[in-house]
Amino acid sequence: MRILLAEDDELLGSGLRAGLAQNGFQVDWVRDGVAAERELATGAYQAMVLDLGLPRQDGMDVLRSARARRVTTPVLVLTARDAVPARIAGLDAGADDYLVKPVDLHELAARLRALVRRAHGQSETRLAAGAVVLDPAAHQVLREGQPVELSNREYDLLHALLLNAGRVLSREQLEQRLYQWGSEINSNAVEVHIYHLRRKLGTALIETVRGVGYRIARDPA
């Protein structure tokens, strides 16, 4: 799951990035509001963690601008502004959740998972297709009740497809979800991950839609 982190404090930002990575997130980190607005507009992220006190452009302005441009990426505001009016202002500006520093990393990860579920219309904490179950909180995949070992890329690809069950995701969309800035991407990387997922979880799980991309059926047989 690819997350955008906007935080100007080097120590805190480094800690948040490391902690979220340990909880299974791919994290791209920006340190000012201009970069945050630019990256959020790409649509490459499943959620954003936004500090309000950013240099160059205030986080509240980043949020208002994104919502005015109909950017729907879930945004969790993480800030030292703990007064009730500040929280109300952030939520009214379009934030989906609001946490005050300091924050527990496990709570932050859980809230991000909940935001992503709601954004995709998912109410269950675990995602399932046939005999395959993915548990984001445990970062675990089961097939017929038995754990299946997946690489981080395979796990992220399966998670993206299950979140969008019934929808076709193109190779470019999947690459956006799988790779951070500066990552070198082989031309057939997604196809290789799909091959390994089918070998481990069954060939019928992921459907190829020729010329378009891949999908998992919403109600597989």
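Starting from 1, each residue takes its place in the sequence as its number. Please read these numbers as outputs of a predicted model, since none were measured by experiment.
D82 places no side-chain N or O within 3.5 Å of a backbone atom of V100 that could act as its donor or acceptor partner. No donor-acceptor distance shorter than 3.5 angstrom exists from the side chain of E207 to the backbone of I216, with no hydrogens or angles considered. Side chain of D61 to main chain of Q57: no donor-acceptor pair is present (N/O by atom type, distance under 3.5 Å, no hydrogens or angles). Between the side chain of D32 and the main chain of A35, a donor-acceptor pair closer than 3.5 Å is present. Counting only distance, with no hydrogens or angles, the side chain of D104 and the backbone of E107 share a donor-acceptor pair below 3.5 Å. Side chain of R2 to main chain of Q176: a donor-acceptor pair is present (N/O by atom type, distance under 3.5 Å, no hydrogens or angles).
Summarising the geometry of L76 relative to R111, their closest heavy-atom pair is CD1-CB, 3.8 Å, with the distance given to 0.1 Å. Listed here is the closest heavy atom pair of G166 and R215: O-CD, 4.4 Å. Closest non-hydrogen pair, L54 versus A36, comes out as CD1-CB, 4.4 Å. Shortest non-hydrogen contact noted between L11 and D9 is N-OD1, 3.1 Å. Between R64 and A93 the shortest heavy-atom distance is CG-CB, 3.9 Å. Shortest non-hydrogen contact noted between R113 and P136 is CD-CB, 3.7 Å.
The closest side-chain heavy-atom distance from L197 to L205 is not below 4.5 Å. Between L161 and V168 there is no side-chain heavy-atom pair separated by less than 4.5 Å. Counting only heavy atoms from C-beta outward, the side chains of L20 and L108 approach each other to under 4.5 Å. Looking at L4 and W29, their side chains never come closer than 4.5 Å, going by heavy atoms from C-beta outward. For the pair L63/V75, a side-chain contact is recorded, criterion being any heavy-atom separation below 4.5 Å from C-beta on. A 4.5 Å side-chain heavy-atom check between Q122 and L163 finds at least one atom pair inside the cut-off. Looking at Y155 and R153, their side chains never come closer than 4.5 Å, going by heavy atoms from C-beta outward. Under the 4.5 Å side-chain criterion, counting only non-hydrogen atoms from C-beta, E37 is in contact with R69.
Note that OG1 of T73 is 11.5 Å distant from CD of E39, once rounded to the nearest 0.5 Å. Atom CG of residue L52 and atom NZ of residue K101 lie 8.5 Å apart, to the nearest 0.5 angstrom. Atom CG of residue L158 and atom CG of residue L201 lie 6.0 Å apart, to the nearest 0.5 angstrom. Once rounded to the nearest 0.5 Å, the distance linking CD of E7 with CG of L12 reads 4.5 Å. Rounding to the nearest 0.5 angstrom, the gap separating the CD atom in Q26 from the CG atom in D156 is 5.5 Å. Summarising the geometry, atom CG belonging to L5 is positioned 12.0 Å from atom CZ belonging to F25; distances are rounded to the nearest 0.5 Å.
No more than 12 heavy atoms of other residues, nucleotides or ligands sit less than 6.0 Å from atom CD of E149. Atom NE2 of H139 has more than 12 heavy atoms from other residues, nucleotides or ligands within 6.0 Å.
For the residue pair R198 and T208, a side-chain donor N or O sits within less than 3.5 Å of a side-chain acceptor on the partner.
Linking Ile, Leu, Val, Met, Phe, Trp and Tyr whenever their side-chain heavy atoms come within less than 4.5 Å leaves L142 and V132 in two separate clusters. One hydrophobic cluster, built from ILVMFWY side chains closer than 4.5 Å, holds both L40 and L91.
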Show, in sequence, the C-alpha distance, side-chain angles and deciding distance for R126 and L134, and conclude whether the side chain to side chain contact (heavy atoms under 4.5 Å, CB included) test is met. CA-CA 6 Å; R126 303 204 302 176; L134 183 147; over 6 Å; no
Show, in sequence, the C-alpha distance, side-chain angles and deciding distance for R67 and D96, and conclude whether the salt bridge (charged side-chain N to carboxylate O under 4.0 Å, His left out) test is met. CA-CA 11 Å; R67 296 314 188 214; D96 299 275; 2.9 Å; yes
Evaluate L174 against Y214 for side chain to side chain contact (heavy atoms under 4.5 Å, CB included), listing each step before the verdict. CA-CA 9 Å; L174 291 170; Y214 302 92; 4.1 Å; yes
Apply the test side chain to side chain contact (heavy atoms under 4.5 Å, CB included) to residues L78 and L16: give CA-CA distance (whole Å), side-chain angles for both, the deciding distance (0.1 Å), then the verdict. CA-CA 11 Å; L78 180 61; L16 288 172; 3.8 Å; yes
Test side chain to side chain contact (heavy atoms under 4.5 Å, CB included) on V133 and V141; report intermediate values, then the result. CA-CA 6 Å; V133 176; V141 174; over 6 Å; no
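The pair R81-D58 meets the salt-bridge criterion, since a charged nitrogen lies less than 4.0 angstrom from a carboxylate oxygen.
Screening H196, K200, H159 for a side chain to side chain donor-acceptor pair (under 3.5 Å) involving E154 leaves a single residue, K200.
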